[in-house]
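Residue numbers run from 1 in the order of the sequence given.
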Amino acid sequence: MSGIQETLARLAEIPNVHVSAGERLAAHTRFGIGGPADVYAESSRLECFLEALRLARSSGLDCAVIGGGTNLIVSDAGYRGVVLRFTGGKVEVRSQRVSAEAGAELESLVNAAGSAGLAGLETLAGIPGSVGGAVYGNAGAYGRSISEVVRAVHFFDGVMVRALRNPECEFAYRESVFQRRKDWVILSVEVALEPGDASALRRRSEDIVALRRQKYPPEMRCAGSIFKNLLWRGLPQPTRDLVPPEVVREGKVPAAWFLDQAGSKGLARGDVRVADYHANLIYNAGAGTARDLCALIAEMKRRVNELFGLELEEEVQYLGFEKESEVRSQESGEIR
Ligand SMILES: Cc1cc2nc3c(=O)[nH]c(=O)nc-3n(C[C@H](O)[C@H](O)[C@H](O)COP(=O)(O)OP(=O)(O)OC[C@H]3O[C@@H](n4cnc5c(N)ncnc54)[C@H](O)[C@@H]3O)c2cc1C
């Protein structure tokens, strides 16, 4: 067991590890929101990262791993403990398989596959964040998810590096086993793809990126969709009866449809706002805080619950909140 200062000093001795005290996590989230981490450590070298991870875990301080911060709400108080990030970004194409380190941008993996004439990832073009984050949340778009091509995931289980085959990852819609095993850290992924035409794949990806840019301008400080869509088969019959059939896509009802009915578009608290064209998209218009963000999320959930009796579930992940009740305790305040 060692304190913050000792942990900082010991981490700083590991080669190729960038360590800092009081690092503003806002700088590591696309929302641009979040207070300081007691200790922040990142490395692009696998062995060095693992050494830092082991050391941080043995310090007795709480530890968390982040990726690109594109799906994260970090509390205004920040994180008491050590935040780690693996930035290794190697991507290797071997025949019909592509392996990528967890710190690679998902976009690099999508592009490497497309350029090699390998199909299966092209609809994920333009989803921001890392490969590790994509596996953690089973990222997907336009009817496809990364889980459909994952062959194996290599991860640190707290003691050693192991691999899980696809079925062992327990993938489901925006879910994986890694959400239930917060002590497991994804290090790399191997995907198996089908042959395709490189120029057709590039065109498909470019079209998707162009569509996405209209919805999510690159400068928008957001996390994409805040809430998961709802599985049609999981909805009670009286709710199904209210949903127009044309709204149902790939067996899901967009959370945005319920939110729209509940008057979410344009809601705001402080500088945190719901887009006026997309009821499931919240952005930070300037000086937004996690407090405002949590309050707005709670209000959106409350409205949908009141109107439809449904409990929306966040796709976005929380960091630095003691427990769910702390997220909820930030809810008071005026919503416009
Ligand atoms: C504009 C915009 C559009 C988006 N569109 C989509 C979309 O179409 N589809 C979609 O699925 N998502 C979408 N997202 C959400 C986000 O991009 C994805 O969830 C992305 O995969 C998150 O990756 P990240 O590296 O940023 O993860 P982070 O936000 O850093 O972390 C998310 C979670 O993953 C965990 N995590 C990250 N890396 C690791 C690791 N190596 N090991 C273990 N756990 C890890 C973190 O602990 C955290 O709980 C969008 C986000 C934005 C900002």
Between atom [atom1] of [X] and atom [atom2] of [Y], what is the distance when rounded to the nearest 0.5 Å?
{"X": "Glu122", "Y": "Asn111", "atom1": "CD", "atom2": "CG", "answer": "11.5 Å"}
{"X": "Arg97", "Y": "Leu118", "atom1": "CZ", "atom2": "CG", "answer": "11.5 Å"}
{"X": "Glu206", "Y": "Ser199", "atom1": "CD", "atom2": "OG", "answer": "10.0 Å"}
{"X": "Ile297", "Y": "Met300", "atom1": "CD1", "atom2": "CE", "answer": "7.5 Å"}
{"X": "Glu148", "Y": "Leu121", "atom1": "CD", "atom2": "CG", "answer": "10.0 Å"}

Counting only N and O atoms by type, is there a donor-acceptor contact under 3.5 Å from the side chain of [X] to the main-chain atoms of [Y]?
{"X": "Glu107", "Y": "Gly126", "value": "yes"}
{"X": "Ser20", "Y": "Glu23", "value": "no"}
{"X": "Arg10", "Y": "Ala56", "value": "no"}
{"X": "Arg221", "Y": "Gly286", "value": "yes"}
{"X": "Arg57", "Y": "Asp183", "value": "yes"}
{"X": "Ser176", "Y": "Phe178", "value": "yes"}
{"X": "Ser58", "Y": "Leu55", "value": "yes"}
{"X": "Ser188", "Y": "Glu101", "value": "no"}
{"X": "Arg174", "Y": "Gly140", "value": "yes"}

[X] side chain near [Y] side chain, heavy-atom distance below 4.5 Å:
{"X": "Val65", "Y": "Val83", "value": "no"}
{"X": "Leu235", "Y": "Phe308", "value": "no"}
{"X": "Asp271", "Y": "Asp292", "value": "no"}
{"X": "Met220", "Y": "Tyr283", "value": "yes"}
{"X": "Ser225", "Y": "Tyr216", "value": "yes"}
{"X": "Phe86", "Y": "Val185", "value": "no"}
{"X": "Thr87", "Y": "Phe49", "value": "no"}
{"X": "Leu109", "Y": "Val98", "value": "yes"}

Any pair with a residue in residues 123-149 that passes ring pair (Phe, Tyr, Trp, His ring centres under 6.0 Å), sequence neighbours left out, goes on the list, sorted by first then second residue, please.
->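 Listed once each, the pairs would be none.
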Give a yes or no on this: more than 12 heavy atoms of other residues, nucleotides or ligands lie within 6.0 Å of atom [atom1] of [X].
{"X": "Arg45", "atom1": "CZ", "result": "no"}
{"X": "Arg233", "atom1": "CZ", "result": "no"}
{"X": "Glu105", "atom1": "CD", "result": "no"}
{"X": "Arg240", "atom1": "CZ", "result": "yes"}

Which class fits the ring pair Tyr40 and His18: parallel under 30°, tilted 30 to 60°, perpendicular over 60°?
->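 Because their plane-to-plane angle is over 60°, the rings of Tyr40 and His18 count as perpendicular.
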Looking only at heavy atoms, what is the nearest atom pair of [X] and [Y], with distance?
{"X": "Pro217", "Y": "Gln214", "result": "CD-O, 4.3 Å"}
{"X": "Trp257", "Y": "Pro244", "result": "CZ2-CD, 3.3 Å"}
{"X": "Ala279", "Y": "Val274", "result": "O-CG1, 3.7 Å"}
{"X": "Leu296", "Y": "Val272", "result": "CD2-O, 3.4 Å"}
{"X": "Ser59", "Y": "Thr7", "result": "CB-OG1, 3.4 Å"}
{"X": "Val150", "Y": "Asn166", "result": "O-ND2, 2.7 Å"}

Between Arg303 and Ser264: side-chain donor-acceptor atoms closer than 3.5 Å |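 No, no side-chain donor-acceptor pair sits under 3.5 Å.
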Under 3.5 Å, is there a donor-acceptor pair linking the side chains of Asn16 and Ser43?
->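 Checked: Asn16/Ser43 side chains show no N/O donor-acceptor pair below 3.5 Å.
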Go through the steps for Arg302 and Glu299 under the test salt bridge (Lys or Arg N to Asp or Glu O under 4.0 Å), then give the verdict.
-> CA-CA 5 Å; Arg302 191 193 64 73; Glu299 173 63 12; 3.0 Å; yes
Is there a salt bridge (Lys or Arg N to Asp or Glu O under 4.0 Å) between Arg151 and Glu190 once you walk through the steps?
-> CA-CA 6 Å; Arg151 197 168 168 273; Glu190 192 182 326; 3.0 Å; yes
Please walk me through it: do Ile66 and Leu319 pass side-chain contact (heavy atoms from CB on, under 4.5 Å)?
-> CA-CA 9 Å; Ile66 62 168; Leu319 183 71; 3.8 Å; yes
Step by step, work out the salt bridge (Lys or Arg N to Asp or Glu O under 4.0 Å) result for Glu92 and Arg94.
-> CA-CA 6 Å; Glu92 277 172 16; Arg94 268 178 265 110; 3.3 Å; yes
Are Arg162 and Trp184 in a cation-pi setup, meaning NZ or CZ lies under 6.0 angstrom from the ring centre and within 45 degrees of the ring axis?
->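 Yes, a cation-pi geometry holds between Arg162 and Trp184.
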When you measure from the centre of the six-membered ring of Tyr173, is the NZ or CZ of Lys252 under 6.0 Å away and within 45° of the axis?
->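 Satisfied, under 6.0 Å and within 45°.
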Dump the intermediate steps for side-chain contact (heavy atoms from CB on, under 4.5 Å) on Ile226 and Leu281, then the final yes or no.
-> CA-CA 6 Å; Ile226 289 290; Leu281 173 61; over 6 Å; no
Report whether Leu25 and Val39 are members of the same hydrophobic cluster (ILVMFWY, side-chain heavy atoms less than 4.5 Å apart, transitive linking).
->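 As far as the 4.5 Å side-chain criterion goes, Val39 and Leu25 are not connected within one cluster.
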Give the C-alpha distance, both sets of side-chain angles, the deciding distance and a yes or no for side-chain contact (heavy atoms from CB on, under 4.5 Å) between Asp76 and Ile33.
-> CA-CA 7 Å; Asp76 296 321; Ile33 286 174; 4.1 Å; yes
Check Val247, Leu230, Asn305 against Phe258 for a side-chain contact (heavy atoms from CB on, under 4.5 Å) and give me the one that passes.
->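 The residue from Val247, Leu230, Asn305 that satisfies side-chain contact (heavy atoms from CB on, under 4.5 Å) with Phe258 turns out to be Leu230.
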Val209/Arg213 under side-chain contact (heavy atoms from CB on, under 4.5 Å): CA gap, chis, key distance, verdict = CA-CA 6 Å; Val209 169; Arg213 286 222 166 112; 4.0 Å; yes
Out of Glu314, Glu313, Glu306, which one pairs with Lys301 under the salt bridge (Lys or Arg N to Asp or Glu O under 4.0 Å) rule?
->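 Of the listed options, the one satisfying the test is Glu314.
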Candidate pair Lys265 and Asp276, rule salt bridge (Lys or Arg N to Asp or Glu O under 4.0 Å), full reasoning = CA-CA 5 Å; Lys265 280 181 187 161; Asp276 53 13; over 6 Å; no
